[in-house]
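In this text the structure is predicted, and so the values were computed from the model without any measurement.
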Amino acid sequence: MYGPARLAISSGCGYYGTMMKITYEKIPNPKELEKEISNFLSKKFGNNIKIVSPEILPQETILDSPAGKEKKKTKLIFDLKPEDLIAHLDQYIIKQDSAKAVLSTKICTHFNRITQSQSDKGSFDDIVGGIKNNVLMIGPTGVGKTYMIKIIAKKIGVPFVKGDATKFSETGYVGGDVEDLVRDLVREAEDDIELAECGIIYIDEIDKIASSHHLMGADVSRTGVQRALLKPLEETEVDLKVPHDPISMIQEVERFRKSGKRDKRVVNTKNILFIMSGAFADLAPIVKKRTSDQGIGFGAKLSNPDDQTDLLKYATADDLAQFGFESEFVGRLPVKAYFERLTEDDLFDILNNPNNPVILSKKLDFAAYGIDVKFEDQALRLLARDAFSENTGARGLVSAIERALLLFERRLPSTTIKTFPVTTHVIETPEAALSAMMASADAGKDNEDFQRLARQEQATIRAYLESNKVSLSRKFGITFRPTRIDLIAEYYSQHITDVGTAINRIKLFYGEIKKVELSFFEHHDINIVLQEDAADYLVRKLALASVDYDAFYSTFSTKFGPGLKLVRDKIGTHRFLITQEALVDPEAFISDLLKDQFSEPATTTQKDSPT
């Protein structure tokens, strides 16, 4: 019932639009407009549908208010450098160095040019025939193409939409319109057209719209889509009001009813970056045929002509045209990024990466039953080997893990077991491993394997932080001292999170510690300074022991407030350095302060470091 109603409303809006053109000399007022639409809907659907809305005169609406007319223009703020974006991608994606470099460079250049253009009041906009560096990503399935784009979009913070090329058809035929992606970008930008015009549109499965030469007649789902994409890829204006979208038509009617104006709302695609990707499985034979009798570059030969994936990096515009793309379409995708096939070692590195979503997702599955999971490195290698045999890239990792752990995910929630160490024994002989785990649990034995893997996991995180501390320090604005690295590693091991989130949480706890100093000054008029070892000690209690901050500060204030006031009144100093030793034994700390002060001449103040 919803389908026909949607179509009828759409047709009705179109009908009314035609009537508007005929009677253009007399524009109906909002009441007449509402009556006309109600009459039309009644004819189509009877009295089951009727428009009921409050009367709002144009002068009463926000659209005609001074605030509405003075809407501030959105300005893109972007200052990311290519090397910074590459370093960010390195934390999440294994291999693909060439693709990271190409995408990071062109994306940063694109948005920095927009920012520069806005700051120079559009001086760059006068260039005729400006070229937009749209990107075509080529590579086998499961190598991280979509994952990389999602990470980039989240990092740079611009509106981002993803579409599947197979779901669109040429304008005028049944199916989605490619311009709908532009309209989706406006919705993603919360109806901010200025911001949407600086967004990213990502279209996957683009190789599926290559024309099929054996078909007769118009290929509306392939060549037609290519032609429909030509204008948006370069520069065109996309109307937000379209006949096949009843929502946009109703919004336009509502806007006219409120304002009395018929403003045309369009989106210019000049600064919208298009990124497209596909596996291009049938492209390799075309490249191989072209290169079989000739060298590549300066007479060079292919090192392994049988490697179909390696051939893709040598694809030319002519190869893509022979594959089934229009030459005009290929010309609007000047930047090519090639992805390499993943090896078994690459798949292991993905699983061993502390930020990978595959292992984190599986940990969340077991955490839903209150079970903590740790993975042994050798077990991850077995899983990588199993996934590699599927020949589906990183996608095979999910299948391999599900096969290996499904038995445990079914049985363990019904037991008292709350720690699950995934060892080689678990992967190779799951039934025997499950029986041994249940027997140990019944005997009340500690799970030594789990404790061992927890220590191993922390060591892995520490090594990761140590090797990346320069880039991470610049990114998160925190100094990676050995004690902080230990804290982050322990926090990561105790929580299901990625490294970035763990760092931010520890950084947040250090901010909480600064509140201790401010609150103590406000309550006691005494300036305390927590030394590094004291701050680390408190963060460990707050972050790892889950101590409540308010309860902690109340205890801290009670233990230190009266004593430090006594010292202040006796010797006149208002500034005290608090060490970890002082936190452990406040009474001894205050007693030592008094002894030290009275054993020195009267003019002497507190030592800089009473350790």
What is the minimum heavy-atom distance between [X] and [Y], and which atoms define it?
X	Y	answer
A379	I427	CB-CG1, 4.0 Å
A337	L103	CB-CG, 4.4 Å
A315	L283	CB-CD2, 3.8 Å
I93	K100	O-NZ, 2.7 Å
L273	N133	CD1-O, 3.3 Å
A196	L185	O-CD2, 3.1 Å

Closer than 4.0 angstrom, basic N to acidic O: yes or no for [X] and [Y]?
X	Y	result
E457	K363	yes
D84	K81	no
R183	E179	yes
D372	K418	no

For [X], does the [atom1] atom have more than 12 heavy-atom neighbours from other residues, nucleotides or ligands under 6.0 Å away?
X	atom1	answer
K541	NZ	no
K150	NZ	no
K559	NZ	no
E390	CD	yes

Ring-ring centroid check F420 F366, cutoff 6.0 Å: yes
Side-chain touch [X]/[Y], heavy atoms, less than 4.5 angstrom:
X	Y	answer
K374	S493	yes
T460	Y464	no
L80	F111	no
I272	V267	yes
L229	M276	yes
M437	F408	yes
F556	V516	yes
E409	E402	yes

Side chain to side chain contact (heavy atoms under 4.5 Å, CB included), that's the test. Do L240 and I193 meet it? Break it down for me. CA-CA 10 Å; L240 292 181; I193 294 179; 3.8 Å; yes
Any donor and acceptor pair, going by atom type alone, linking the side chain of [X] with main-chain N or O of [Y] inside 3.5 Å?
X	Y	result
K132	T269	yes
N355	Y92	no
S554	D550	no
T415	L412	yes
N112	C108	yes
K145	P140	yes
S473	I478	yes
N271	E197	no
T579	A582	yes
E581	F589	no

Please determine whether side chain to side chain contact (heavy atoms under 4.5 Å, CB included) holds for the pair V135 and M137, giving the CA-CA distance in whole Å, both sets of side-chain angles, and the decisive distance to 0.1 Å. CA-CA 6 Å; V135 181; M137 302 192 301; 4.2 Å; yes
For the residue pair [Y] / [X], report whether a side-chain donor-acceptor contact shorter than 3.5 Å exists.
X	Y	result
Y202	T146	yes
T501	D498	yes
Y492	T497	no
T343	D346	yes
D536	Y510	yes
D449	T423	no
T479	R484	no
S557	H523	no

Salt bridge (charged side-chain N to carboxylate O under 4.0 Å, His left out) for K313 and E340? Distances and angles first, verdict last. CA-CA 9 Å; K313 72 176 80 170; E340 306 171 59; 5.8 Å; no
In Å and rounded to the nearest 0.5 Å, what is the [atom1] to [atom2] distance from [X] to [Y]?
X	Y	atom1	atom2	answer
K469	F480	NZ	CZ	10.0 Å
K515	L518	NZ	CG	9.5 Å
I275	I206	CD1	CD1	12.5 Å
I200	I149	CD1	CD1	7.0 Å
I86	Q91	CD1	CD	13.0 Å
I461	E466	CD1	CD	13.5 Å

F560/F576 under side chain to side chain contact (heavy atoms under 4.5 Å, CB included): CA gap, chis, key distance, verdict: CA-CA 11 Å; F560 282 91; F576 299 92; over 6 Å; no
List in chain and number order the residues that pass side chain to side chain donor-acceptor pair (under 3.5 Å) with D207, two or more places apart in sequence or in another chain; answer none if no residue qualifies. none
Indicate the ring-plane relationship of Y549 and F552, choosing parallel, tilted or perpendicular according to the 30° and 60° boundaries. tilted
Have a look at I359 and tell me which of V373, I496, L380, V422 forms a side chain to side chain contact (heavy atoms under 4.5 Å, CB included) with it. L380
Are L538 and L530 close enough, and set up right, to give a side chain to side chain contact (heavy atoms under 4.5 Å, CB included), and what steps lead you there? CA-CA 10 Å; L538 293 180; L530 293 168; 3.9 Å; yes
Can you tell me which residue among Q458, R540, H495 is in a side-chain hydrogen bond (donor to acceptor under 3.5 Å, both in side chains) with E490? R540
